[in-house]
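Before any comments, here is the structure.
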Amino acid sequence: MTTTQNIDAQDKDLDHGESILAKIALEAELADYSPVKGCMVIRPYGYAIWEQVQSSLDKMIKDTGHQNAYFPLFIPESFLKKEAEHVEGFAPECAVVTYGGGKELEEKLVVRPTSETIINYMLSKWIHSYRDLPVLLNQWANIVRWEMRTRLFLRTTEFLWQEGHTAHATFEEANEETRKMLEIYKTLSEQFLAIPVIDGIKTDSQRFAGAVTTYCIEGLMKDGKALQMGTSHYLGQNFARAFDTKFQDQNGQLQHVHQTSWGVSTRLIGAIIMTHNDEKGLKLPPKIAPVQIIIVPIYKELQERELVLSKCKEILSSLKDDFRVKIDDRDQFTPGWKFNHWEIKGVPIRINLGPKDIANNVVEIVRRDTNQKLKNIPQDGLKQYLLNLSTEIQETLFTQAKDFQARNTFTVTNEDEFSKKILSGGFLIGFWCENTTCEEILKQKYKATIRCIPFKLPVDQMKEEGYCIVCNKNSKQRVVFAKAY
RNA sequence: CGGGCUGUAGUUUAGCUUGGUAGAACGCUACCUUGGGGUGGUAGAGGCCGUGGGUUCAAAUCCCGCCAGCCCGACCA
């Protein structure tokens, strides 16, 4: 089966993921480098993918009771400094504005690296009583983090994301919120992006600066590296204390609110690229593909052109209520050229339509997930056929990615095994003693980190307890190790 | 910020060692041809060779500075 061969070829090619990312992002016209180092331009086709991701997620965010709002780009520098861990974590990667209107500013303005501080400042004004809670906010915004090494979509200086911020009366409620949103991210990733993830808790060293607990979803890219695809934080009362965000409870007592924040970014597009691709280019899951079906007319003479194009339009209008569908009627390109063009761009379904098909009342369909060519598909009932096919492609892409993840997830019991396995990448499952030193040793020696303490392990036959793969001390839990972006 | 590499047409690049008229492919424009897997042809347009200085009769080529980018290390969604 060609599909399996392609994936296997990728498995052996684990080191070349980076060039695949840049190559696809540029060739499929998703993005381009900007004149400013570390920044990128998201081109219309790439932005259209983001809009699909946005609308899917935005609906789920609103369905769970959250409202969108917008907080400013500029944050007074003093705000960042109010929460000790937060400033320590973010100060090195902040861009700071010192001049405005030709004058040096009295207080420097930080370009937001995230918005916990400004939102808390506002919440402290808005929240008085337990009746004001919960506050469930979300914002779609750009943020800036001054990164040393950047990569298209996976890590750029400025990026687009969604950040949810909520305030609750109790720990239980806030913690439940944190888990609920992580579950939504998991659904987004698996059901929409067709990328399987491991969900779990971050270790202390990987925790968000200022959070009590950070939950995450982690995906495995085709080059064997892990990618953090979304995080959800229980912030405790840390920011509430720093900004004095208090409410009066039912007993008349003043209490600090319990807060959460959670986000996913345009990094998800990088994850799609790094999960769904082959030698021809990108493969987009139908649910988030800006163009789900491309119709390529095939003709010779002018007379044929008229006939074929009118049939194409007829088919288009019968499908346009159910699909994002387009006809590529450009005359300057040959059909063969167009085939390659739309394959690079990852369009899930292509319809080839020529005089022969019209004579027989059929179409030719090519599916991008398997590259299979399906000949003589009747025009009657085409819509239903395509609806089924679309669902199947969505599932196949997920299954392909799931199989890849399974083939590249290994159990290790000691450092020796770890050192050998980590070379070729993948998720490594092993015991860890919960000591940060052991984690640090693995990072120094192998450039690998603990991605998370999983809620549920992706491999069977787990023992309850074992020995830390580094120090051999007793351990109660297995964790997921990997090299990461 | 350290170490390595690279800057030539829109893109990928040849030429640089050994100084002497800047070449190709793709893309672009026009026309013809072709069209069911990147058709073929003809004719064109397009370059202060990253930048500043130096050496020389003469610099894309040699030397020095600067700038930018890429890769490798220290940070991260």
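Naming: A, B, ... by sequence-line order, numbering from 1 per chain.
Note on A:Gly354: a base of the nucleic acid sits closer than 4.0 angstrom, heavy atoms only. At a threshold of 4.0 angstrom between heavy atoms, the contacts of A:Ile344 include nucleobase atoms, whether or not backbone atoms are also involved. Residue A:Lys375 is classed as having no contact, given no heavy-atom separation below 4.0 Å to the nucleic acid. The residue A:Phe208 sits apart from the nucleic acid: no heavy atom pair falls under 4.0 Å. Residue A:Leu268 is classed as having no contact, given no heavy-atom separation below 4.0 Å to the nucleic acid. Using a 4.0 Å heavy-atom criterion, one finds that A:Glu93 contacts the sugar-phosphate atoms exclusively. Residue contacts shown for A:Val366 include a base, since a base heavy atom lies under 4.0 Å away. Across all strands shown, A:Lys356 has heavy atoms under 4.0 Å from base atoms, whether or not it also approaches the sugar-phosphate. Residue-level contact check: A:Thr156 touches the bases, meaning some heavy atom is under 4.0 Å from a base atom.
Rounded to the nearest Å, the gap between the P atom of B:rG2 and that of B:rU11 is 30 Å.
Side-chain N/O atoms of A:Lys280 and base N/O atoms of B:rG38 include no donor-acceptor pair closer than 3.5 Å. At a cut-off of 3.5 angstrom, counting only N and O atoms as typed in the model, there is no donor on one side facing an acceptor on the other between the side-chain of A:Asn352 and the base of B:rG36. For a distance-only test at 3.5 Å, the side chain of A:Arg350 qualifies as a donor-acceptor partner of the base of B:rG37.
Contact check, A:Arg149 against B:rC72: a side-chain N or O comes under 4.0 Å of OP1 or OP2.
Nucleotide B:rA77 forms no Watson-Crick or G-U wobble pair with any nucleotide shown, as no partner meets the under 3.5 Å limit on both distances. Pair assignment for B:rG2 gives B:rC72, based on Watson-Crick or G-U wobble hydrogen-bonding distances that are each under 3.5 Å.
A donor and an acceptor atom, one from each side chain of A:His165 and A:Ser261, are nowhere located under 3.5 Å apart. At a cut-off of 3.5 Å, with distance as the only test, no side-chain donor of A:Lys186 or A:Gln191 sits close to an acceptor on the other residue.
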I'd like a list of close polar pairs between nucleotides 26-30 of chain B and the protein, N/O only, cut-off under 3.5 Å.
none

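Taking the six-membered ring where the residue is Trp, the centroids of A:Phe427 and A:Phe481 are separated by 6.0 Å or more.
Geometric assessment of A:Lys345 against the ring of A:Tyr45 yields a positive cation-pi assignment under the 6.0 Å and 45° thresholds.
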